[in-house]
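Written out below as structure tokens is the structure these notes cover.
Model, not experiment: these values are computed from the prediction.
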Amino acid sequence: QVQLVESGGGLVQAGGSLRLSCAASGSIFSINTMNWYRQAPGKQRELVAVIEGDGSTDYADFVKGRFTISRDNAKNTMYLQMNTLKPEDTAVYYCNAEIAPYSDFRAHYYWGQGTQVTVSS
């Protein structure tokens with residue numbers, strides 16, 4: 001079984017920083033694209049940042065210059081460094097990854113359970 005587990009969320013004042021982690025575990029053959037999404041109360045889930053298997057990245061306009069996505073392939077872990085946080089960044093942050101397990105070697109998308117980020121003004 002493949003699992004994604006996020007950590008690192010919490011309460012921070014506006015202007016502060018947090019670092020989220022997403023660790024993939026289980027019988028994993030390969031991990032391709034990894035993503036961070038977020039969902040604020042009453043809003044749809046939205047894509048925050050993407051990192052491909054080759055390390056290339058892309059960001060939503062609302063986090064460009066403030067957030068940095070990275071990954072450690074040896075640890076099957078993805079990170080999101082969030083700086084200059086704003087109250088509007090308050091949301092549950094989810095990791096999402098395209099993973100091929102040893103069970104069938106076919107890529108599937110998996111989701112973590114989410115971690116709450118709250119930014120106070």
Response to the item:
Closest non-hydrogen contact found for Thr84 with Asp89 is O-OD2, 4.4 Å

Worksheet item: Hey, does Ile99 have a side-chain heavy atom less than 4.5 Å from the side chain of Leu4?
Response: yes

Worksheet entry | Verify same cluster id: Val12, Phe62 (apolar side-chain graph, 4.5 Å) | yes

Worksheet item: Within a strict 4.5 Å, meaning less than it, do heavy atoms of the Asn73 and Ile31 side chains meet?
Response: no

Fill in: Non-hydrogen atoms of His108 and Arg106 that approach each other most closely
CD2-O, 2.8 Å

Fill in: Distance flag, aromatic centroids of Tyr37 and Tyr94, threshold under 6.0 Å
no

Discussion item. Do Val50 and Thr57 have side chains that approach each other closer than 4.5 Å (heavy atoms only, starting at C-beta)?
Written reply: no

Practice prompt. With sequence neighbours excluded, give me every disulfide bond (SG atoms under 2.5 Å apart) pair touching residues 88-121.
Written response: Cys22-Cys95

Practice prompt. Would you name the heavy atoms of Tyr93 and Leu20 that are closest together and state the gap between them?
Written response: CB-CD1, 3.6 Å

Worksheet entry | Reported CD-to-OG distance for the pair Gln13 and Ser121, which is rounded to 0.5 angstrom | 9.5 Å

Fill in: Nearest-0.5 Å distance, CE of residue Met78 to CG of residue Asp72
12.5 Å

Worksheet item: Do Asn96 and Tyr109 come within less than 4.5 Å of each other through their side chains, counting heavy atoms only?
Response: yes

Discussion item. Strictly below 4.0 Å, N to O, side chains only: are Lys64 and Asp61 in salt-bridge contact?
Written reply: yes

Worksheet item: Does a donor on one side chain and an acceptor on the other come within less than 3.5 Å for Asn83 and Ser17?
Response: yes

Worksheet item: Can you tell me how far CD of Glu98 sits from CE of Met34, rounded to the nearest 0.5 angstrom?
Response: 11.0 Å

Worksheet entry | Distance (rounded to the nearest 0.5 Å) between Arg71 CZ and Leu80 CG | 14.0 Å

Item to complete: Quick one: do Val92 and Thr115 satisfy side-chain contact (heavy atoms from CB on, under 4.5 Å)? Show the steps, please.
Response: CA-CA 5 Å; Val92 178; Thr115 185; 6.0 Å; no

Item to complete: Taking all heavy atoms of Met82 and all of Val117, pick out the closest pair and write down the distance.
Response: CE-CG2, 3.8 Å

Worksheet entry | Closest approach of Arg38 to Ala91 (non-hydrogen atoms, all atoms of both residues) | CB-CB, 3.9 Å

Worksheet item: Residues in salt bridge (charged side-chain N to carboxylate O under 4.0 Å, His left out) with Asp104, at least two apart?
Response: none

Worksheet item: Between Trp36 and Phe67, does the ring centroid distance fall short of 6.0 Å?
Response: no

Worksheet item: CD of Gln3: more than 12 outside heavy atoms within 6.0 angstrom?
Response: no

Worksheet item: Taking atom types as modelled, is there a side-chain donor on Thr90 or Glu88 under 3.5 Å from an acceptor on the other?
Response: no

Worksheet, complete the sentence: Heavy atoms of Ala107 and Asn32 approach each other most closely as CB-ND2, 4.4 Å

Fill in: Minimum side-chain heavy-atom gap Ile51-Thr33 below 4.5 Å
no

Worksheet item: Side-chain contact, heavy-atom cut-off 4.5 Å: Ile69 with Tyr79?
Response: no

